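Structure first, commentary second.
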Amino acid sequence: MESYLPNFNLKGKLAVITGATKGIGRAIAFAYAESGADVILVARNENDLQKTTIQLEEQFNVKANYITSSVTELSEITQKLDELTQNKGIDILVNNAGMNIRSEAIKVTEGEYQQIIDTNMKSAFFLSQYAAQNMIKHKIKGKIISISSVAGQTALRTGVVYAMTKAALIQMTKTLSIEWGKYGININAIGPWYFPTSLTEKLLQDDQYVQDIVNRTPLKRIGRLEEIAGPAVFLASEASNYMTGQTLMVDGGMTIYGF
Ligand SMILES: NC(=O)C1=CN([C@@H]2O[C@H](COP(=O)(O)OP(=O)(O)OC[C@H]3O[C@@H](n4cnc5c(N)ncnc54)[C@H](O)[C@@H]3O)[C@@H](O)[C@H]2O)C=CC1
Ligand SMILES: C[C@H](O)[C@@H]1OC(=O)[C@H](O)[C@@H]1O
């Protein structure tokens with residue numbers, strides 16, 4: 001039978017997702033499990049992790065493990081990943097955990113700067129490095145996906161340091177893709193516009209702010225979480241095997257909207 005339909009499912013894959021108990025990371029974890037992947041969730045709240053992994057195992061009949069740690073505690077995470085991936089290497093890493101302290105550039109403190117940089121950028125690089133070492137050791141042609149932002153490509157009013165980290169993830173994605181392509185590892189990113197999560201909750205409670213977003217968005221609405229899970233499943237699946245170094249803007253058209 002002649003077929004060109006690639007494999008979009010993640011059966012038998014092992015995915016590591018950071019910040020996976022809330023918002024976009026949670027949506028991705030659920031979509032991956034529904035697509036058949038076993039998952040390792042990384043987050044800071046043990047209770048949330050326990051509840052989420054139990055739900056994933058019961059709902060989708062997959063294996064769900066967790067690591068209770070801040071992504072800034074890299075050795076904590078890598079030691080636990082060593083244990084959890086002895087027999088099965090990592091197929092997919094999603095660098096999702098991220099935070100923002102929205103303040104004017106003129107007022108940013110060194111502490112705020114470092115917290116955003118460490119959470120959004122440093123963790124993504126070193127977890128990508130760990131995942132690549134793991135994939136190479138297990139001879140896995142894996143997928144590394146980072147959640148950037150439209151703020152990494154166009155200027156927003158929501159914090160310069162946050163934007164710096166999101167731009168860095170786009171450039172990290174390009175640079176790692178040329179270094180690790182020879183191992184068959186695909187490195188891509190996703191740049192969301194606004195999606196309803198705890199990160200954006202306060203902003204999206206302001207009707208005028210939401211109207212401003214809608215006015216700048218060709219599709220005239222904010223995103224729905226399943227609309228970010230789809231591209232994340234695509235980038236984790238064999239369907240994207242010939243894509244690397246790219247950032248998919250999942251933004252309702254916002255980044256291409258000149259005037
Ligand atoms: N929601 C949106 O409109 C957009 C979100 N993004 C990005 O999407 C990613 C996910 O954000 P959302 O789901 O919206 O936010 P969220 O706040 O709902 O979820 C972020 C998750 O990351 C976790 N996290 C934060 N710092 C952490 C740390 N140090 N260690 C471990 N986990 C940590 C949080 O606990 C939370 O579970 C972030 O990287 C964010 O920058 C990008 C563009 C738009
Ligand atoms: C779309 C942006 O990333 C948006 O800006 C913010 O301050 C929020 O943190 C969202 O991520």
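Atoms considered below: every heavy atom in the structure, side chains included; atoms not considered: hydrogens, waters and symmetry mates. Treat the numbers as computed from the prediction; the structure is a model and nothing was measured. Numbering of ligands and ligand atoms starts at 1, following listing order. The first residue in the sequence is number 1, and the count goes up from there.
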Check your understanding: What closest approach, in Å, do F8 and L5 show between heavy atoms, and which atom pair accounts for it?
Key ->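 Heavy atoms only, the tightest pair is CE1-CD1, 4.0 Å.
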
Point to revise | Non-hydrogen atoms of S240 and F234 that approach each other most closely | key: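 Closest heavy-atom pair between S240 and F234: OG-O, 2.9 Å.
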
Check your understanding: Does a side-chain heavy-atom distance below 4.5 Å link L10 with S237?
Key ->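 Result yes, sub-4.5 Å side-chain heavy-atom pair found.
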
Review point. What's the spacing between N120 CG and M99 CE if we round to 0.5 Å?
Key: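 Reported value, rounded in 0.5 Å steps: 7.0 Å.
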
Point to revise | K166 contact mode with ligand 2 (heavy-atom cut-off under 4.0 Å) | key: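 Answer for K166: neither.
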
Of all the atoms in ligand 2, which lie at a distance below 4.0 Å from a heavy atom belonging to [X]?
X    : answer
L156 : 1 (C), 2 (C)
S149 : 1 (C), 2 (C), 3 (O)
T158 : 5 (O), 6 (C), 7 (O)
W193 : 1 (C)

Check your understanding: Polar-atom distance check: T200 versus ligand 2, any N or O pair below 3.5 Å?
Key ->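 Looking only at distances, the answer is no, because the N/O contact criterion of under 3.5 Å is not met.
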
Review point. For Y162 and ligand 2, does the shortest N/O to N/O distance drop below 3.5 Å?
Key: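 N/O-N/O distance under 3.5 Å: yes.
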
Check your understanding: For F195, does its backbone N or O pair with a side-chain atom of T200 as donor and acceptor, under 3.5 Å?
Key ->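 Confirmed, T200 side chain pairs with F195 backbone.
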
**Study point:** Carboxylate-amine/guanidinium contact K51 E46, below 4.0 Å
**Key:**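 The answer is no: the pair does not qualify as a salt bridge.
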
**Study point:** Near ligand 1, at a heavy-atom separation below 4.0 Å: residues by chain and residue number
**Key:**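 Residue list for ligand 1: G19, T21, K22, G23, I24, R44, S69, S70, V71, N96, A97, G98, T119, I147, S148, S149, Y162, K166, P192, W193, Y194, F195, T197, S198, L199, T200.
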
Review point. Quick one: nearest non-hydrogen protein atom to atom 8 (C) of ligand 2, plus distance?
Key: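 Heavy-atom neighbour on the protein nearest atom 8 (C) of ligand 2: R102 NH2, 3.2 Å.
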
Review point. Within a radius of less than 6.0 Å around NZ of K88, do more than 12 heavy atoms belonging to other residues, nucleotides or ligands occur?
Key: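 Counting neighbours around NZ of K88, more than 12 heavy atoms of other residues, nucleotides or ligands fall under 6.0 Å, so yes.
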
Practice item. Take atom CZ of R157 as the centre, draw a 6.0 Å sphere, and report whether it contains more than 12 heavy atoms from other residues, nucleotides or ligands. Key: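 Open: at most 12 neighbouring heavy atoms sit under 6.0 Å from CZ of R157.
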
Practice item. For the residue pair D118 and S123, confirm or rule out a side-chain donor-acceptor distance under 3.5 Å. Key: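 Not at all, the side chains of D118 and S123 share no donor-acceptor pair under 3.5 Å.
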
Exercise for review: Please check if any side-chain donor atom of Y130 sits under 3.5 Å from a side-chain acceptor atom of D82, or the reverse.
Suggested key: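 Side chains of Y130 and D82: pair found under 3.5 Å.
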
